[in-house]
There are 2 protein chains.
Amino acid sequence: MKKKVSIHDIAKALHLSAATISFVLNGKADEKKISGDVRKKVLDYIKKVGYQPNMIAKSLRTGKSNIIGMLVEDIADPFFSGISRGIESIAYHHQYKIFFASTENDVEKTRTLIRAFRERQVDGYIIAPPPGVEEEIQALMDDNVPVILFDRYLPVLNTSSVIVDNYAGAYQAVKHLKENGYAHIAFITLQSEQTQMMARLQGYHKAMEDRDCTPLVARIPYELSHHDSAAQLVAAFIKANDHIDAIIFATNYLAINGLRAISSLGLTIPENIAVVGFDDNTHFNLFSPSITAVAQPIEEIAQEVVLQLLSALSDEKENKKRRTVTLPVKLVIRNSSFPKAKLEQIHTETSVMKNS
Amino acid sequence: MKKKVSIHDIAKALHLSAATISFVLNGKADEKKISGDVRKKVLDYIKKVGYQPNMIAKSLRTGKSNIIGMLVEDIADPFFSGISRGIESIAYHHQYKIFFASTENDVEKTRTLIRAFRERQVDGYIIAPPPGVEEEIQALMDDNVPVILFDRYLPVLNTSSVIVDNYAGAYQAVKHLKENGYAHIAFITLQSEQTQMMARLQGYHKAMEDRDCTPLVARIPYELSHHDSAAQLVAAFIKANDHIDAIIFATNYLAINGLRAISSLGLTIPENIAVVGFDDNTHFNLFSPSITAVAQPIEEIAQEVVLQLLSALSDEKENKKRRTVTLPVKLVIRNSSFPKAKLEQIHTETSVMKNS
DNA sequence: CTATTCTTGTTAATCGATTAAGTGACGGAC
DNA sequence: GTCCGTCACTTAATCGATTAACAAGAATAG
């Protein structure tokens, strides 16, 4: 490492005191009545030597780090990486940097991460919490550290949070399928007590009940939902309940593995079975047939989260206010059939079929 | 904020000096010959009050932050979010935290981010650099700060880097298509001078040349590659060159928009046109027909990057060594035709078609 | 001409750790 | 009895900023 130039080095070089440099650098020149001469000398000099303030020293003194700690379930999940991207971008414009980390829904890892964030004095937290970290989050709030939960909340805690109307999303999904003539609609979800999962399940149940339909639910362990085994479980479920003519998947990974299952069984969508996914995936419209999905407003979630956090950071009183924002979801209906024209084309060209 | 307990508070409470506490906490108890009595007293006390060291103070004193700064093009891109996830996970086990940020391939933003990282004294950098930040990166190296580039490198700089064999990937893609009877293979890439893009293009050119084929290349501006306009450009390109019977897409976003274009033209894969993508996407195998792709070894890239960085961090001498690791890519061949059986099924069931 | 008020800075404490150097008490050697 | 070496800690400087309190000299007031 080269010797980095500190505020004292500047002071020495200009025959001034460190305090003066600090005042100029922090826009307190007026308040502290620093002369124009000196201001210019300081500004010119720091430009010349390329002075970079040491935020660590600043943080130690002021107690503010200008860092936000963000905990998501999995940064590689398109839903979370999309939100992260939005949050990072907005926070950046407000001089905040973000620490990202993936909890993997693991309580112990989450605890460790919160502890690591605290040690680094992050100013605020954005968390998609796994159940089991209630104590740690309560401790943060007891210390007046701003915390915003998103995607889900912790029922026993009175926190600020940004969620979506999962209940309505699931309800609409059932309604949509019913209106299109599907009779036996199953719901495949995770073995999870998380609020967003419960709300989806409840929306499904209520919609089925309102139509005097018998619900049929499969619950898959979270750990398996990202892997091939989820596809196998779904396939077994479909085989065991062959009257099913539609499935709602409660997460995007489940939907993707569900599609694998459906494909492996030689079933086609929407002729043999209809599908609605949760968490719209940009790629869903490329699947052939493309998939209808309950889309969450990624951008709005990011905006709302940052908005709430900034307000809590700006003002102790704001931070004491607890607000829960519920954003609407949108059912993105995709005409997932093969258009006639296309079908015929496929048919007529079969003779010249090649592999890519 | 509640009063947090500092090392001095502990010292006062136990009638010891701050130094003693520090020694016990840092495993220097033996070296400094601290008695068993005192050790126990200290350890018990910190457990009791839940002492959390202030890493900011520690960083200020030691000059080490245990933070790695990571700059990717776009954290929402599955390729980058996958690598980020891997790197975060490995780094975590070595007590390093990661600062993520998206450059959006914007030079000015990248400069600002590097500056922000420097101000926070990050210990090392992992960067997928846009061209134009050579000076900043050289400055880091001049100051002996460890830097590892990945995905691409900067030709004028002698840095450590982890890349993949893009040249071979493109070459194999052409070879594969040729062997399957495709004659007119186009290459759609970005308007970009980045090394990974150039290597892919060169691999394509060489493979075409080796087979006495005339290359046909389209270059799309990076800014458009994520949007619908890319699909329109690709569609126009295909229409203008209707003898094309195969396309290699040089990035995953291009491939996805290319598929939209192909679909919008009413063409089918692989009957009318064959497609190979770069950057395998987990979802490519769900597209119907599924897409053959040049897959990058995400996990290995993450591992190799962290390995190199940790070694550079551990030792000044290691850091002076510059090494470039080139990992192999894998052509993931997917049988992307509609199996006969399925085609017939689609055909026979058209009569009962529904929408989902 | 002295007293008071501005101007324009400076001094020094502080944030919470780390660590080189120092110190008092005790034991053993000669 | 003096000298020296351990033992078991303590003192104090330091990292690079911020900021309340203070101060020297010029300007103005009375």
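The sequence lines fix the lettering, A, B, ..., with proteins before strands; numbering per chain opens at 1.
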Q: Is there a side-chain polar atom (N or O) of Asn26(B) under 4.0 Å from OP1 or OP2 of dT18(C)?
A: yes
Q: With a 4.0 Å limit, can you tell me whether Lys58(B) has a side-chain N or O closer than that to the phosphate oxygens OP1/OP2 of dT18(C)?
A: yes
Q: How is Ile56(A) classified with respect to the nucleic acid when contacts are heavy atoms under 4.0 Å: base, sugar-phosphate, or nothing?
A: nothing
Q: For the residue pair Phe99(B) and Phe99(A), does the interplanar ring angle fall in the parallel (under 30°), tilted (30 to 60°) or perpendicular (over 60°) class?
A: parallel
Q: Within less than 4.0 Å of OP1 or OP2 of dT10(C), is there a side-chain N or O belonging to Ser17(A)?
A: yes
Q: Between Asp9(A) (CG) and dG16(D) (P), how many Å, whole number?
A: 8 Å
Q: Between dA17(C), dT19(C), dG9(C), which nucleotide gets closest to the side-chain atoms of His8(B)?
A: dA17(C)
Q: Specify the separation, in whole Å, of atom NZ of Lys12(B) and atom P of dT11(D).
A: 12 Å
Q: Would you tell me if any nitrogen or oxygen in the side chain of Lys33(B) comes within less than 4.0 Å of OP1 or OP2 on dC7(D)?
A: yes
Q: Looking at Phe150(B), is its backbone amide N or carbonyl O close enough to the side chain of Ser161(B) to form a donor-acceptor pair, meaning the two atoms are under 3.5 Å apart?
A: no
Q: For Thr20(B) and Arg61(B), take the nucleotide of DNA chain D holding the closest heavy atom to each; which residue's nucleotide lies nearer the 5' end?
A: Thr20(B)
Q: Between dG9(C), dA17(C), dT10(C), which nucleotide has the shortest distance from any of its atoms to the side chain of Phe23(A)?
A: dT10(C)
Q: Measure the distance from CG on Leu14(B) to P on dC9(D) and round it to the nearest whole Å.
A: 12 Å
Q: Is it possible for you to check whether Lys40(B) lies under 6.0 Å from the centre of the six-membered ring of Tyr45(B), through NZ or CZ, and within 45° of that ring's axis?
A: no
Q: How close or far is atom P of dG9(C) from atom NZ of Lys32(A), stated in whole angstroms?
A: 14 Å
Q: Roughly, in whole Å, what's the span from CD1 in Ile21(A) to P in dG9(C)?
A: 10 Å
Q: Look at the side chain of Leu60(A) and decide which nucleotide, out of dC15(C), dT19(D), dT18(C), has an atom nearest to it.
A: dC15(C)
Q: On the nucleotide dA17(C), are OP1 or OP2 found under 4.0 Å from the side-chain N or O atoms that Thr62(B) carries?
A: no
Q: Is there a side-chain polar atom (N or O) of Ser35(B) under 4.0 Å from OP1 or OP2 of dC9(D)?
A: yes
Q: Is it true that the NZ or CZ of Lys32(B) lies under 6.0 Å from the centre of Phe23(B)'s six-membered ring and within 45 degrees of the ring axis?
A: yes
Q: Could you check whether Lys97(A) makes a cation-pi contact with Phe100(B), meaning its NZ or CZ is under 6.0 Å from the centre of the six-membered ring and within 45° of the ring axis?
A: no
Q: dA17(C), OP1 or OP2 - any side-chain N/O from Tyr51(B) closer than 4.0 Å?
A: yes
Q: Look at the side chain of Pro53(B) and decide which nucleotide, out of dG16(C), dT19(C), dA17(C), has an atom nearest to it.
A: dA17(C)
Q: Can you measure Lys28(A) atom NZ to dA20(D) atom C1' for me and round it to whole angstrom units?
A: 11 Å
Q: Taking CD from Glu31(B) and P from dA20(C), how many angstroms apart are they, rounded to a whole number?
A: 9 Å
Q: Provide, to the nearest angstrom, the distance between the CZ atom belonging to Arg120(B) and the C1' atom belonging to dG16(D).
A: 15 Å
